[in-house]
Trainee: 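Before I ask anything, let me first share the structure, which is written out below as structure tokens.
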Amino acid sequence: MIIDSRTMESAGEEDEMFGQESDANSELSDGELQEAFAKGWLKPGMNVLVDKPKQFVNNVEGLKHCLADLRKDIPWVERLDMTNPPAKDISQPEGKILSVKNGDVDAEDDFQREMFFYRQAQATVLDALPLLSKHGIPTKRPDDYFAEMAKSDQQMQKIRKKLISKQEILEKSEKAKKLREQRKFGKKVQVEVIQKRQKEKKAMMTAVKKYQKGMTDKLDFLEGDKKKGKESAQASNKATNKKGPNAKRKYKDQRFGFGGKKSGKKWNTKESHNDVSSFRAKVANSKGSKGGKKGVKGGKQNKRPGKSTRKKIKSRS
């Protein structure tokens with residue numbers, strides 16, 4: 001965009017305002033423009049924006065001259081340039097050749113575009129190999145060929161050391177990870193072992209209590225007999241389902257009774273008061289047994305002399 005400045009009212013006024021000759025490309029400050037507008041020197045239509053047409057440069061002679069400089073008349077062996085269409089695609093019907101100009105290749109399709117590049121490189125190789133063999137250029141590496149490396153041995157040693165250090169760091173991290181997992185697993189196993197021991201101890205104490213109460217007469221738990229839970233449960237059930245108590249239980253029952261309430265067992269009740277089936281008149285009315293000792297027939301007993309009699313006997317002597 002350029003500014004087309006038209007003539008103002010007078011050249012003298014312009015000189016007074018600007019102090020110099022007006023120029024189409026001159027730049028005025030905001031203060032100067034405001035002053036000119038206040039004095040009436042700026043009017044509509046004086047400055048018009050005009051679109052400058054874009055100039056297209058097509059210097060054909062210059063382009064030809066540059067092309068001649070770039071083009072060198074040297075043999076193909078020195079240039080090794082090839083321009084080939086892509087090879088035939090066997091997946092297409094009748095070996096159709098895809099063309100970019102015909103719109104057969106979608107530039108937005110990554111796979112189709114890469115396959116187009118691949119087939120074009122393949123066609124170039126197929127055309128270039130005969131030309132190379134024709135000019136006597138070998139295309140296969142000999143068996144005893146040793147190429148000089150782009151990097152020195154010292155640089156490769158540094159790279160090797162760096163790779164080894166990275167590998168060692170990875171191995172250490174993996175080892176630490178395995179150790180953490182083993183610790184977690186070890187803690188879990190330790191807890192399981194402790195719980196198993198507590199369970200075995202509880203089972204042994206239960207078996208001891210059962211043996212003390214006479215519910216079983218086996219001492220297998222003292223010999224470290226590790227039975228399964230089902231077998232031990234079956235054994236305890238068999239012991240409780242036996243007919244009658246064992247000898248130890250019988251002795252304790254005979255000595256201490258059968259347990260239960262001890263006090264008040266001789267108290268009379270309504271049923272025992274009304275029950276007279278065990279009354280024997282001969283026993284109740286027998287005079288000979290009155291005041292006599294148990295086990296002495298007829299109630300006869302050796303009476304002790306009285307106190308006065310014992311004093312008389314003692315005084316005589």
Trainee: If we only count heavy atoms from C-beta on, is the Lys162 to Lys158 side-chain gap below 4.5 Å?
Mentor: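 Not touching, per the 4.5 Å side-chain cut-off.
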Trainee: For His273, I'd like to know if atom NE2 has over 12 heavy atoms of other residues, nucleotides or ligands within 6.0 Å.
Mentor: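 No, not enclosed.
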Trainee: Taking all heavy atoms of Arg310 and all of Pro305, pick out the closest pair and write down the distance.
Mentor: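 Heavy atoms of Arg310 and Pro305 come nearest at NH1-O, 2.6 Å.
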Trainee: Kindly work out whether a path of hydrophobic side-chain contacts (I/L/V/M/F/W/Y, heavy atoms less than 4.5 Å apart) joins Phe185 to Val193.
Mentor: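 Yes, one cluster joins them.
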Trainee: Got Leu80 and Leu132 here, is their nearest side-chain heavy-atom distance under 4.5 Å?
Mentor: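 Side-chain contact under 4.5 Å: yes.
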Trainee: Is it the case that more than 12 heavy atoms not belonging to Lys199 sit under 6.0 Å from its NZ atom?
Mentor: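 No, NZ of Lys199 has 12 or fewer neighbouring heavy atoms, counting only those of other groups under 6.0 Å.
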Trainee: Please find the pair of heavy atoms, one from Pro130 and one from Asp127, that lie closest to each other, and give the distance.
Mentor: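 So the two residues come closest at CD-O, 3.4 Å.
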Trainee: For the residue pair Glu108 and Arg113, what are the closest heavy atoms and their distance?
Mentor: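 Shortest heavy-atom contact: C-NH1, 4.2 Å.
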Trainee: Would you call Lys172 and Glu168 a salt bridge, taking side-chain N to carboxylate O under 4.0 Å as the test?
Mentor: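 Salt bridge: no.
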Trainee: Quick one: do Tyr118 and Phe111 end up in the same hydrophobic cluster if we chain Ile, Leu, Val, Met, Phe, Trp and Tyr together by side-chain heavy atoms under 4.5 Å apart?
Mentor: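 Shared cluster, yes.
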Trainee: Quick one: pull up CD in Gln195 and NZ in Lys202 and give me the separation to the nearest 0.5 Å.
Mentor: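 Spacing of CD (Gln195) from NZ (Lys202) equals 12.0 Å.
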Trainee: Is it the case that atom CZ in Arg79 sees more than 12 heavy atoms from other parts of the structure closer than 6.0 Å?
Mentor: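 Yes - once you tally the heavy atoms of other residues, nucleotides and ligands closer than 6.0 Å, there are more than 12.
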Trainee: In terms of heavy-atom contacts, does CD of Gln190 have more than 12 from other residues, nucleotides or ligands at under 6.0 Å?
Mentor: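 No - once you tally the heavy atoms of other residues, nucleotides and ligands closer than 6.0 Å, there are 12 at most.
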Trainee: Quick check: closest heavy atoms across Phe116 and Pro86, and the distance to 0.1 Å?
Mentor: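 Heavy atoms only, the tightest pair is CE1-CG, 3.3 Å.
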Trainee: When rounded to the nearest 0.5 angstrom, what is the spacing between CZ in Arg160 and CG in Asp153?
Mentor: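 Result: 12.0 Å between the selected atoms.
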Trainee: Could you see if Val77 belongs to whatever hydrophobic cluster contains Met82? Use Ile, Leu, Val, Met, Phe, Trp, Tyr and a side-chain cutoff under 4.5 Å.
Mentor: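 Both belong to a single hydrophobic cluster.
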Trainee: Run Ile137 and Leu131 through side chain to side chain contact (heavy atoms under 4.5 Å, CB included) and show every step you take.
Mentor: CA-CA 9 Å; Ile137 300 174; Leu131 292 175; over 6 Å; no
Trainee: Determine whether Glu171 and Glu174 make a side-chain contact, defined as any pair of heavy atoms from C-beta on separated by less than 4.5 Å.
Mentor: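 Contact flag for Glu171/Glu174 side chains = no.
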Trainee: What is the distance from atom CG of Asn84 to atom CD of Gln122, rounded to the nearest 0.5 Å?
Mentor: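 One gets 11.5 Å once the value is rounded to the nearest 0.5 Å.
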Trainee: Can you find a pair of side-chain heavy atoms, one from Lys196 and one from Glu192, that are under 4.5 Å apart?
Mentor: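 Contact flag for Lys196/Glu192 side chains = no.
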Trainee: Does CG in Asn274 sit with more than 12 non-hydrogen atoms of other residues, nucleotides or ligands closer than 6.0 Å?
Mentor: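 Counting other residues, nucleotides and ligands, CG of Asn274 exceeds 12 neighbours.
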Trainee: Should we count CZ of Arg249 as having more than 12 external heavy atoms under 6.0 Å?
Mentor: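 Enclosed: over 12 neighbouring heavy atoms sit under 6.0 Å from CZ of Arg249.
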Trainee: Could you give the distance from CD (Gln198) to NZ (Lys201), rounded to the nearest 0.5 Å?
Mentor: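 Answer for the CD-NZ pair, Gln198 versus Lys201, is 8.5 Å.
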Trainee: Please determine whether salt bridge (charged side-chain N to carboxylate O under 4.0 Å, His left out) holds for the pair Asp253 and Lys250, giving the CA-CA distance in whole Å, both sets of side-chain angles, and the decisive distance to 0.1 Å.
Mentor: CA-CA 5 Å; Asp253 291 344; Lys250 288 180 180 179; over 6 Å; no
Trainee: Does Met115 belong to the same Ile/Leu/Val/Met/Phe/Trp/Tyr cluster as Phe117, with side-chain heavy atoms less than 4.5 Å apart forming each link?
Mentor: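 No.
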Trainee: Identify the heavy atoms of Pro85 and Ala123 that sit nearest to each other, and give their distance.
Mentor: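 Distance-wise, the nearest heavy atoms are O-CB, 3.3 Å.
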Trainee: Partners of Leu163 by side-chain contact (heavy atoms from CB on, under 4.5 Å), sequence neighbours excluded?
Mentor: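 Testing Leu163 for side-chain contact (heavy atoms from CB on, under 4.5 Å), a comparison that skips the adjacent residues, returns Ile159.
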Trainee: Nearest 0.5 Å, what's the NZ-CG distance between Lys175 and Leu179?
Mentor: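 So the NZ of Lys175 and the CG of Leu179 are separated by 6.5 Å.
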Trainee: Please give me the minimum heavy-atom distance between Trp76 and Asp81, naming the atom from each residue.
Mentor: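 Here Trp76 and Asp81 meet closest at NE1-O, 2.9 Å.
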